[in-house]
Trainee: 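My questions will all concern the structure given below.
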Amino acid sequence: MNNGNTKQTAEVAVEVLEALGTAAVVVNDSNVMSHATSVAEGFGLQRDRALIELELLNLVELARKTKSSQSVEGAINVGGRAAKVWVLASAAPIGSGSVLLTLEDRTEARRLDETRRDFVANISHELKTPIGAISLLAETLQGATDDADAVKRFASSLQREAVRLGHIVQEIIELSRLQAATEVKNLAECKLADLIHDSIDRVRIIADVKRMRLVSDLDESVSLQVSYEQVATAITNLLENAINYSDAGGQVGISLKSIDGFAEIVVTDSGVGIALDDQARIFERFYRVDPSRSRETGGTGLGLAIVKHIAINHGGDISVFSKPGLGSTFTLTLPITTNSKEVE
Ligand code: ADP
């Protein structure tokens with residue numbers, strides 16, 4: 001292809017790729033960019049500049065040498081951004097030493113892949129313990145058929161492990177659903193104080209068992225658009241934790257206020273508290289400060305991850321203030337001026 005034809009090909013290709021919103025540049029035989037789409041500039045690739053990123057230069061050289069299209073996926077530095085960007089880069093020779101280079105930002109796709117992989121690895125690990133216990137108990141039960149008391153004991157342990165397994169699976173499904181959702185479904189205007197009373201009722205039994213007092217101070221006028229079930233789940237999880245991580249006979253408080261366009265729900269306990277290092281991690285999936293205590297209370301390590309997703313999906317936030325030995329305060333904020341997204 002002669003120089004004139006190459007120039008024309010480059011112009012047409014870049015025009016098409018510009019219309020498609022693709023990051024694309026054409027480099028000449030000296031690796032200077034002769035054409036660039038506007039999206040390419042976001043990657044720090046600008047017309048009349050030399051291509052300097054080593055991985056991209058190597059890719060361009062390879063395409064030129066082999067006279068065929070080449071692609072590579074990896075992290076590159078892009079103009080002005082501190083973190084590297086994970087890209088899929090493709091290079092195609094278009095004549096006279098010129099090469100068309102396109103870049104696709106795959107950072108988010110890669111992050112999602114990693115999250116998914118981690119999640120699956122964590123799930124397998126978490127399910128192994130109760131499944132192992134069930135199988136062991138069933139085996140022991142088989143060998144104890146002539147001892148009625150032992151049968152009763154093993155059967156009740158078996159049931160406890162089965163319930164625990166069911167609970168983990170239910171929370172995993174709940175969290176996957178929340179993570180997959182791009183928008184909150186079933187939004188409806190609701191009086192938040194009523195929703196909180198409902199959440200308090202859901203934890204009443206476990207509070208009674210531990211002789212805990214539940215004290216509420218709720219602004220009855222706060223009303224906003226939420227997914228009722230999701231927000232009730234979030235508040236129930238916070239109340240359950242406040243009860244579970246406190247000594248018997250204590251008190252758990254919940255308040256609701258409206259502050260600067262946000263509904264602020266605060267759950268306070270005077271329980272075991274959480275050390276500063278752990279506070280940064282408790283919203284991660286499967287993270288538990290004290291796994292044996294969490295196991296005792298039937299905890300899955302997913303409760304706060306679920307709360308966090310529900311808060312974020314509603315445009316809100318969750319934060320914690322805590323001192324070991326003194327207690328914890330969890331604050332859930334939800335914007336009052338919610339957008340009127342489509343209700344499913
Ligand atoms: P779990 O099912 O183990 O309770 P969560 O995700 O709800 O999982 O909480 C993660 C961890 O954070 C818990 O295992 C516990 O160590 C800690 N935690 C959560 N809430 C409280 C609280 N109110 N007081 C003390 N520790 C808490």
Side-chain angles (χ1 to χ4, degrees), residues 115 118-119 122-123 125-130 133 160-161 163-179 196 199-200 202-203 205-207 209-216 230-255 264-313 317-333:
T115 310
D118 281 2
F119 195 28
N122 283 339
I123 289 171
H125 177 78
E126 292 294 326
L127 294 182
K128 253 186 213 152
T129 315
R160 199 177 53 238
E161 289 300 327
V163 168
R164 186 171 143 66
L165 189 60
H167 190 202
I168 296 178
V169 171
Q170 191 194 325
E171 294 219 317
I172 288 170
I173 292 171
E174 173 117 35
L175 187 57
S176 319
R177 234 188 249 139
L178 286 168
Q179 285 178 327
I196 293 174
S199 308
I200 293 173
R202 294 184 194 189
V203 300
I205 291 176
I206 59 163
V209 169
K210 282 186 81 171
R211 291 175 287 105
M212 308 273 301
R213 268 185 7 112
L214 297 170
V215 183
S216 61
Q230 283 191 19
V231 174
T233 299
I235 295 171
T236 307
N237 285 359
L238 293 177
L239 289 170
E240 259 175 13
N241 281 348
I243 297 164
N244 286 337
Y245 298 102
S246 294
D247 289 335
Q251 179 170 305
V252 167
I254 181 161
S255 68
E264 192 183 83
I265 301 142
V266 179
V267 177
T268 312
D269 65 63
S270 40
V272 296
I274 307 158
L276 203 58
D277 283 354
D278 293 316
Q279 288 176 28
R281 303 205 52 195
I282 51 172
F283 297 100
E284 291 173 16
R285 292 166 313 202
F286 298 116
Y287 187 81
R288 304 166 176 113
V289 177
D290 176 356
S292 61
R293 176 158 189 153
S294 169
R295 192 146 291 138
E296 255 170 49
T297 59
T300 60
L302 290 175
L304 288 178
I306 290 175
V307 175
K308 179 148 196 180
H309 268 283
I310 292 172
I312 290 172
N313 287 1
D317 198 13
I318 173 81
S319 61
V320 62
F321 175 82
S322 183
K323 283 242 168 7
L326 291 179
S328 310
T329 298
F330 283 84
T331 304
L332 172 67
T333 49

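Position 1 is the first residue of the sequence; numbering continues from there. Both counts, for ligands and for their atoms, begin at 1 and track the order of listing. Just so it is clear, the model here is predicted, and its values are computed rather than measured.
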Trainee: Working to the nearest 0.5 Å, report the span between CD1 of Ile172 and NE2 of His167.
Mentor: 10.5 Å
Trainee: With a 4.0 Å cut-off on heavy atoms, is Ser328 touching ligand 1?
Mentor: yes
Trainee: In ligand 1, which numbered atoms sit nearer than 4.0 Å to a non-hydrogen atom of Gly303?
Mentor: 5 (P), 6 (O), 7 (O)
Trainee: Under 3.5 Å, N or O to N or O, is Ala305 touching ligand 1 that way?
Mentor: no
Trainee: Among Leu239, Val215, Ile235, which one satisfies side-chain contact (heavy atoms from CB on, under 4.5 Å) with Ile200?
Mentor: Leu239
Trainee: Sub-3.5 Å donor-acceptor pair from the side chain of Arg288 to the main-chain atoms of Thr300, do we have one?
Mentor: yes
Trainee: Students should be able to answer this: which protein heavy-atom is nearest to atom 5 (P) of ligand 1, and at what distance?
Mentor: Leu304 N, 3.6 Å
Trainee: Considering the heavy atoms of Val289, write down every atom of ligand 1 situated less than 4.0 Å from one of them.
Mentor: 14 (O), 16 (O)
Trainee: Give me the nearest non-hydrogen protein atom to atom 3 (O) of ligand 1 as residue plus atom name, then the distance to 0.1 Å.
Mentor: Ser294 OG, 2.6 Å
Trainee: Work out whether the distance between some heavy atom of Leu302 and some atom of ligand 1 is less than 4.0 Å.
Mentor: yes
Trainee: Enumerate donor-acceptor pairs with a distance under 3.5 Å from any side-chain N or O in residues 322-330 to protein atoms, sequence neighbours excluded.
Mentor:
{"from": "Ser322", "atom 1": "OG", "to": "Ile274", "atom 2": "N", "distance (Å)": "2.7"}
{"from": "Ser322", "atom 1": "OG", "to": "Gly327", "atom 2": "O", "distance (Å)": "3.0"}
{"from": "Ser322", "atom 1": "OG", "to": "Ser328", "atom 2": "OG", "distance (Å)": "2.9"}

Trainee: What's the spacing between Lys308 NZ and Ile310 CD1 if we round to 0.5 Å?
Mentor: 13.5 Å
Trainee: Can a salt bridge be assigned to the pair Arg281 and Glu284 using a cut-off of 4.0 Å between side-chain N and carboxylate O?
Mentor: yes
Trainee: Can you check which of Val272, Asn241, Ile282, Ile274 brings a heavy atom nearest to atom 7 (O) of ligand 1?
Mentor: Asn241
Trainee: So which heavy atom in the protein is nearest atom 23 (N) of ligand 1, and how far is it from that ligand atom?
Mentor: Asp269 OD2, 2.9 Å
Trainee: By number and element, which atoms of ligand 1 are closer than 4.0 Å to a non-hydrogen atom of Gly301?
Mentor: 1 (P), 2 (O), 3 (O), 6 (O), 8 (O)
Trainee: Indicate whether any N or O donor in one side chain lies under 3.5 Å from an N or O acceptor in the other, for Glu264 and Thr333.
Mentor: no
Trainee: Which of the atoms of ligand 1 are close to Thr300, meaning less than 4.0 Å from one of its heavy atoms?
Mentor: 1 (P), 2 (O)
Trainee: Determine whether more than 12 heavy atoms belonging to other residues, nucleotides or ligands lie under 6.0 Å from atom CZ of Arg202.
Mentor: yes
Trainee: Considering heavy atoms of the protein only, find what lies nearest to atom 13 (C) of ligand 1 and give residue, atom and distance to 0.1 Å.
Mentor: Tyr245 OH, 3.3 Å
Trainee: Could you give all pairs that pass the side chain to side chain donor-acceptor pair (under 3.5 Å) test and reach residues 232-248, with sequence neighbours left out?
Mentor: none
Trainee: Considering Tyr287, Phe330, Phe286 one by one, which has a heavy atom nearer to atom 10 (C) of ligand 1 than any of the others?
Mentor: Tyr287
